Amino acid sequence: GLFTGYVMDKTEQEVQEKFGKPAAVETTNPNTQKWVYKRITFDPDNQNQVDNETILIFQKDASGKFKVTQVVFG
């Protein structure tokens, strides 16, 4: 929950300043980006085990900036 609160509706620059560069970036869709971080979040419902991947989905907003609209933990 805390990580999601930090990144939701944030720009690429804001996310990168707080968490560094992602392990991978997918930009196949011009209006969507996927950033993949490795082992930076943990699952409080599973004895705080570290998540292998955390995927941030960025979508272009009305002004043309990419902002986080979804977080997927894996």
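For the single chain, residues carry numbers from 1 onward in sequence order. In this text the structure is predicted, and so the values were computed from the model without any measurement.
Residues satisfying the side chain to side chain contact (heavy atoms under 4.5 Å, CB included) criterion with Q47, sequence neighbours excluded, are Q49. Partners of F19 by ring-ring contact (aromatic ring centres under 6.0 Å, His included), not counting sequence neighbours, listed by chain and number: F3. E17 is linked by a side chain to side chain contact (heavy atoms under 4.5 Å, CB included) to Q13, counting only residues two or more places apart in sequence or in another chain. Remark: K18 pairs with Y6 by the side chain to side chain contact (heavy atoms under 4.5 Å, CB included) rule, at least two apart or across chains. T28 pairs by the side chain to side chain contact (heavy atoms under 4.5 Å, CB included) definition with E26, not counting sequence neighbours.
For residues 29-69, every residue pair satisfying the ring pair (Phe, Tyr, Trp, His ring centres under 6.0 Å) rule, not counting sequence neighbours, is listed here: W35-F58.
In this structure, R39 and D51 have side chains that are not in contact, with every pair of non-hydrogen atoms separated by 4.5 Å or more. Taking the side chain as every heavy atom from C-beta outward, I55 and V71 never approach each other to under 4.5 Å.
Follow the hydrophobic side-chain contacts under 4.5 Å out from F73 and you reach M8 in the same cluster. Tracing side-chain contacts under 4.5 Å through hydrophobic residues (I, L, V, M, F, W, Y), one reaches V68 starting from V25; they form part of the same cluster. Put simply, L56 and I40 are part of the same group of oily side chains (I, L, V, M, F, W, Y) that touch within less than 4.5 Å, one to the next. Cluster annotation: I57 and V36 are assigned to the same hydrophobic cluster (Ile/Leu/Val/Met/Phe/Trp/Tyr, side-chain heavy-atom contacts under 4.5 Å, transitive).
With N29 contributing its side chain and N31 its backbone, the two residues share a donor-acceptor pair below 3.5 Å.
Rounding to the nearest 0.5 Å gives a distance of 8.0 Å between CG of D9 and CG of D61. From E12, atom CD reaches atom CD of E14 across 10.5 Å, with rounding to the nearest 0.5 Å. For the atom pair CD (Q59) and CD (Q70), the distance works out to 8.5 Å, reported to the nearest 0.5 Å. A distance of 14.0 Å separates NZ of K60 from NZ of K67, quoted to the nearest 0.5 Å.
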